[in-house]
Amino acid sequence: KERAAQAAIDAQQLEKTLAEAALAAERAAVLMLENSIPARGGEEYLKRKMIGAWLFDGIQVATKKLTARLYSKTDGKWHDASTLCEVGDILVPMRDVTGKIRNVQRITPDGKKRPIMGAPVDGLFFDVPGKLPFVAAEGVATGLSVAEATGRAVRVCFTASGISKV
């Protein structure tokens with residue numbers, strides 16, 4: 001009985017910690033986007049992908065290095081100075097079905113993609129404008145390329161398993 005009671009307490013504590021982590025990540029996402037400017041297409045990653053600048057609506061570029069206290073599900077610890085972004089990183093807002101920004105995908109100049117540590121990813125998306133109805137794609141560059149090639153609106157998810165959720 002003691003083990004079961006302790007397991008229930010541990011599960012409640014983990015649930016509370018994960019909720020706090022998601023809130024911290026949401027605040028970090030807002031901070032990142034407040035300290036950014038619209039992408040124009042001259043950014044290294046976007047140049048390499050050769051995508052038309054008219055598609056960048058909503059994609060931002062970080063203007064300063066930012067850190068925050070974030071929780072890592074991997075090691076089960078809070079990290080006081082986790083890097084959110086560096087100057088020049090591309091920032092892609094990740095929204096839920098209500099339109100609320102829950103996370104940001106950071107894309108470094110060399111193409112490494114990172115969501116905010118401790119934030120949800122599945123079920124979040126970024127919309128590329130175009131003719132409706134939406135088509136779904138996994139990954140920002142793929143979604144932008146589909147929109148450019150077809151003129152269609154694209155709902156970009158950030159994991160292959162997320163396509164069915166968006």
Side-chain angles (χ1 to χ4, degrees), residues 18-19 21-68 70-74 82-166:
L18 293 177
L23 185 58
E26 283 180 31
R27 289 184 186 133
V30 169
L31 179 67
M32 292 167 75
L33 295 172
E34 286 175 346
N35 289 279
S36 65
I37 58 173
R40 300 282 184 232
E43 298 77 21
E44 191 60 38
Y45 176 78
L46 296 174
K47 282 194 302 189
R48 268 197 325 276
K49 296 297 180 176
M50 298 185 291
I51 299 165
W54 65 274
L55 292 163
F56 300 153
D57 188 28
I59 297 176
Q60 300 289 112
V61 179
T63 57
K64 58 191 328 191
K65 179 179 179 170
L66 297 171
T67 62
L70 298 172
Y71 181 78
S72 168
K73 295 175 192 173
T74 305
S82 298
T83 298
L84 295 175
C85 59
E86 303 274 353
V87 173
D89 286 347
I90 295 182
L91 308 176
V92 182
M94 301 167 70
R95 298 180 186 275
D96 66 15
V97 294
T98 70
K100 185 171 184 174
I101 296 171
R102 300 281 183 183
N103 199 343
V104 170
Q105 183 180 64
R106 166 188 178 204
I107 305 173
T108 62
D110 65 356
K112 290 185 179 131
K113 299 167 187 76
R114 303 272 187 271
I116 297 171
M117 181 171 36
V121 175
D122 273 358
L124 302 183
F125 57 87
F126 173 77
D127 286 337
V128 180
K131 290 181 269 177
L132 295 173
F134 281 103
V135 295
E138 190 269 324
V140 174
T142 301
L144 292 171
S145 295
V146 168
E148 187 168 41
T150 66
R152 298 281 302 272
V154 178
R155 181 149 285 176
V156 175
C157 67
F158 298 90
T159 62
S161 64
I163 287 181
S164 64
K165 298 174 184 169
V166 300

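The model shown is predicted, which means the values in this text are computed figures rather than measured ones.
The side-chain contact (heavy atoms from CB on, under 4.5 Å) test applied to Thr74 returns Ser72, not counting sequence neighbours.
Proximity of Lys65 to Thr83: side-chain heavy atoms (C-beta onward) are separated by under 4.5 Å at one or more points. Taking 4.5 Å as the limit, some side-chain heavy atom of Pro109 sits within range of a side-chain heavy atom of Asp89.
The structure places CE of Met94 at 9.0 Å from CG of Asp122, a figure rounded to the nearest 0.5 Å. To the nearest 0.5 Å, the span separating NZ on Lys100 from CZ on Arg95 amounts to 11.5 Å. Here the straight-line distance linking atom CG of Leu33 with atom CD1 of Ile101 works out to 5.0 Å at 0.5 Å rounding. Atom-to-atom distance recorded for Ile107:CD1 and Ile59:CD1 is 7.0 Å, nearest 0.5 angstrom. Gln60 CD to Met32 CE: the interatomic distance, rounded to the nearest 0.5 Å, is 11.0 Å.
Taking both residues in full, the closest heavy atoms of Phe158 and Val121 are given as CB-CG1, 3.9 Å, listed atom of the first, atom of the second, then distance. When all heavy atoms of Val146 and Thr150 are compared, the closest pair comes out as O-OG1, 2.7 Å. The shortest non-hydrogen separation linking Ala25 to Gly118 is CB-C, 4.4 Å. Listed here is the closest heavy atom pair of Val104 and Pro93: CG2-CA, 4.4 Å. Annotation for Tyr71 and Leu18: closest pair CE2-CD2, 3.9 Å, computed over non-hydrogen atoms. Counting all heavy atoms, side chain and backbone alike, Ser82 lies closest to Met117 at OG-CE, 2.9 Å.
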Distance-only donor-acceptor pairs under 3.5 Å for side chains of residues 126-143, two or more places apart:
{"unit_1": "Asp127", "atom_1": "OD1", "unit_2": "Arg155", "atom_2": "NE", "d": "2.7"}
{"unit_1": "Asp127", "atom_1": "OD1", "unit_2": "Arg155", "atom_2": "NH2", "d": "3.4"}
{"unit_1": "Asp127", "atom_1": "OD2", "unit_2": "Arg155", "atom_2": "NH2", "d": "2.9"}

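Using modelled atom types, one side-chain atom of Lys113 and one backbone atom of Gly111 make a donor-acceptor pair closer than 3.5 Å.
When each of Leu91, Leu84, Thr63, Val87 is paired with Asn35, the side-chain contact (heavy atoms from CB on, under 4.5 Å) condition holds for Thr63 and for no other.
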